[in-house]
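Below you'll find the structure, written out as C-alpha cells, and then a few comments.
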Amino acid sequence: MTANPYRTAVLAWYDVNARDLPWRADDATPWGVLVSEVMLQQTPVARVLPAWEAWLERWPVPAALAAEPAGEAVRMWGRLGYPRRALRLHACAATIVQRHGGEVPSSHADLLALPGVGAYTAAAVASFAFGQRHAVLDTNVRRVLERVVNGREYPPKAPTGAEYRLAESLLPEEPAVAARWGVAVMELGALVCTARNPRCGECPVVDRCAWVLAGKPPHDGPPRRGQRYAGTDRQVRGRLLAVLREAPGPVPKSVLDAVWDEAAQRERALDGLVADGLVDPLETGDYALPS
DNA sequence: AACCCGTGGGG
DNA sequence: TCCCCAAGGGT
C-alpha cells in the first residue's frame, strides 16, 4: 500500500519499454549524465545521441573539457541549438575541476550552483546519476501528471508550487525506487503520453487517468503560442555562429556581413554573441570562436 | 514574470 | 505548408 496508485503499473511499463539510451547504461558516468541532461534541454533525443557520443569520446572527464578553449565546446556543439549551453557546459567543467576535484558533485545544492544547471537538471543528475530521491519535473512529467491526476490536457506554462508538491507527494520513499519512478514517468511522457496524439491505448494507467475518464477535454484558456523564429535575432545569431563554427580559424567581418542583409539587426546579433562570450572580436578586426 | 535564447522533424 | 514541439535556464 502506497500513496502512489500509479507506481506499480508505471514501473512495470518502464521495465519493458525503456529505451536503451547510452546515458542510462550501467557504465555511464555522472559526467555523461550531466552532459546528456544539458544537451537534452530543448533538443530531441534523436539529435542528441550522436553529439553525446562524440562529446564523451573527446572529453570523457570534465578535466579534459576544462583544458580546452571554450570555443572548442561551441564547435563540438554543432547544430544542437542554444549554443550558450555549450559555453555553460565548459564552465561547468572548469568549476568541477576547481571546486570539486574533477568529480561531478552529487548534492543537489552543488549541482544547482553549476552554470546552466537549474532545478530540473540538478534533480535529474542527482537522481539518475547518484540514485537520490528528488522530484524531477520536466515537460514530460508535468504533462503526465497534469493529465493523469488533474484531468487537464496541458500543464501551465511555467512549473507551479502545486506541481512540485504533487510530484513530491508521489515520490516513492526508497531513493532507488524514486529515481526509477522519475525516469519512468519521463519515458511515459516521451513515448506514450505525448503532447499531441497521445497513445492512450498503450498507457499503463489509462484506467486511472483523470483526463481520459473526463473524456479528454481539450485545453481551454489562452492558446499556448510558441515563439516566432524567422526574422528574429536568434535566426541571425544562428547564421553568424554557423559560419564561425565551420571556419577553421578567424573570419573577416565581410564574411559575416554576408549572412544577413539588414545591417542594424546583423550588428545587434553579432554584438549579442560577443556579449554572451560566444564570439571573440580580434584586434585584427576578424572574429573567432572564444579561446 | 515575461522574454530571450537555435534547430530540425513530424503532423 | 505551417505550426507545434523537444529531458530548460538565465535575466
Side-chain angles (χ1 to χ4, degrees), chain A residues 18-19 21-24 28 32-52 74 77-89 91-92 111-129 134-144 153-161 163 167 179 182-191 193-199 219 222-245 259 265 268-269 271-273 275-279:
Chain A
R19 286 170 294 180
L21 301 173
W23 45 86
R24 290 179 183 162
V33 173
L34 174 60
V35 171
S36 79
E37 290 301 337
V38 174
M39 286 185 170
L40 287 163
Q41 292 169 0
Q42 302 289 280
T43 301
V45 168
R47 238 185 308 155
V48 164
L49 279 168
W52 185 88
V74 175
W77 197 254
R79 305 189 69 81
L80 288 180
Y82 293 144
R84 293 189 292 191
R85 291 182 292 163
L87 230 39
R88 291 174 181 148
L89 207 39
C92 268
L111 288 164
L112 195 56
L114 295 174
V117 175
Y120 161 74
T121 302
V125 174
S127 179
F128 305 154
H134 294 282
V136 289
L137 203 60
D138 80 318
T139 186
N140 290 303
V141 174
R142 295 184 61 218
R143 186 175 56 249
V144 171
E153 188 177 19
Y154 297 121
K157 297 186 178 210
T160 64
E163 288 184 84
V183 73
V185 178
M186 283 179 60
E187 193 77 334
L188 186 62
L191 299 181
C193 194
T194 49
R196 288 176 296 184
N197 305 335
R199 309 160 137 195
H219 174 77
R224 322 159 61 234
R225 72 94 176 72
Q227 304 174 55
R228 294 270 181 272
Y229 179 66
T232 63
D233 287 4
R234 288 158 69 194
Q235 183 178 25
V236 185
R237 287 166 58 108
R239 288 193 185 181
L240 290 169
L241 205 56
V243 170
L244 290 162
R245 268 199 318 263
V259 308
Q265 186 177 25
R268 184 170 68 241
D271 288 347
L273 289 170
D276 287 347
L278 283 163
V279 173

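Lettering of chains follows the sequences in order, A, B, ..., and the numbering in each one begins at 1. Atoms considered below: every heavy atom in the structure, side chains included; atoms not considered: hydrogens, waters and symmetry mates.
- Across all strands, A119(A) comes closer than 4.0 Å only to sugar-phosphate atoms, never to a base (heavy-atom distances).
- Nearest nucleotide to the R234(A) side chain, out of dG10(B), dG8(C), dC5(B): dC5(B).
- Y120(A) and E37(A) share a donor-acceptor pair across their side chains, judged by distance under 3.5 Å alone.
- Looking at heavy-atom distances under 4.0 Å, L137(A) makes no contact with the nucleic acid at all.
- In this structure, R19(A) reaches the bases: a heavy-atom distance under 4.0 Å links it to at least one base atom across the strands shown.
- Among the protein residues, V117(A) comes within range of the sugar-phosphate backbone only, with heavy atoms under 4.0 Å from sugar or phosphate atoms but none that close to a base.
- When the nucleotides dC5(B), dG8(C), dT7(B) are ranked by their closest atom to the side chain of D233(A), dC5(B) comes out on top.
- Residue contacts for S36(A): at a heavy-atom cut-off of 4.0 Å it reaches no nucleic acid atom on any strand shown.
- The residue L241(A) sits apart from the nucleic acid: no heavy atom pair falls under 4.0 Å.
- Taking 4.0 angstrom as the limit, R143(A) places a side-chain polar atom (N or O) nearer than this to OP1 or OP2 of dA6(C).
- Within 4.0 Å (heavy atoms only), R196(A) reaches at least one base atom of the nucleic acid.
- Distance from the side chain of T43(A) is smallest to dG6(B) among dG6(B), dT7(B), dC5(B).
- Note on R237(A): a side-chain N or O is less than 4.0 Å away from OP1 or OP2 of dG6(B).
- At the phosphate of dC3(B), neither OP1 nor OP2 sits under 4.0 Å from any side-chain N or O atom of R228(A).
- When heavy atoms are screened at a 4.0 angstrom cut-off, W23(A) is found touching base atoms of the nucleic acid.
- The interatomic distance linking R84(A) (CZ) with dG10(C) (C1') rounds to 7 Å, in whole Å.
- Checking dC5(C), dG10(C), dA7(C) against the side-chain heavy atoms of V45(A) singles out dA7(C) as nearest.
- Here Q41(A) does not reach the OP1 or OP2 of dA7(C): none of its side-chain N or O atoms lies under 4.0 Å away.
- Looking at heavy-atom distances under 4.0 Å, G81(A) makes contact with a base.
- Which of dC5(B), dA7(C), dC5(C) sits closest to the side chain of Y154(A) comes down to dC5(C).
- Comparing the same atom, P, in dA7(C) and in dG11(B) gives a spacing of 14 Å after rounding to whole Å.
- Among the heavy atoms of the strands lying under 4.0 Å from N197(A) are primed sugar atoms or P, OP1, OP2 only; no base atom is included.
- Of the candidates dG8(C), dG8(B), dA7(C), dG8(B) carries the atom nearest the R79(A) side chain, counting heavy atoms from C-beta on.
- With a 3.5 Å limit on both pairing distances and Watson-Crick or G-U wobble geometry required, the stems of 3 or more pairs in DNA chain B span B:2-5 with C:8-11, B:7-11 with C:2-6.
- Across all strands shown, A124(A) has no heavy atoms under 4.0 Å from either base or sugar-phosphate atoms.
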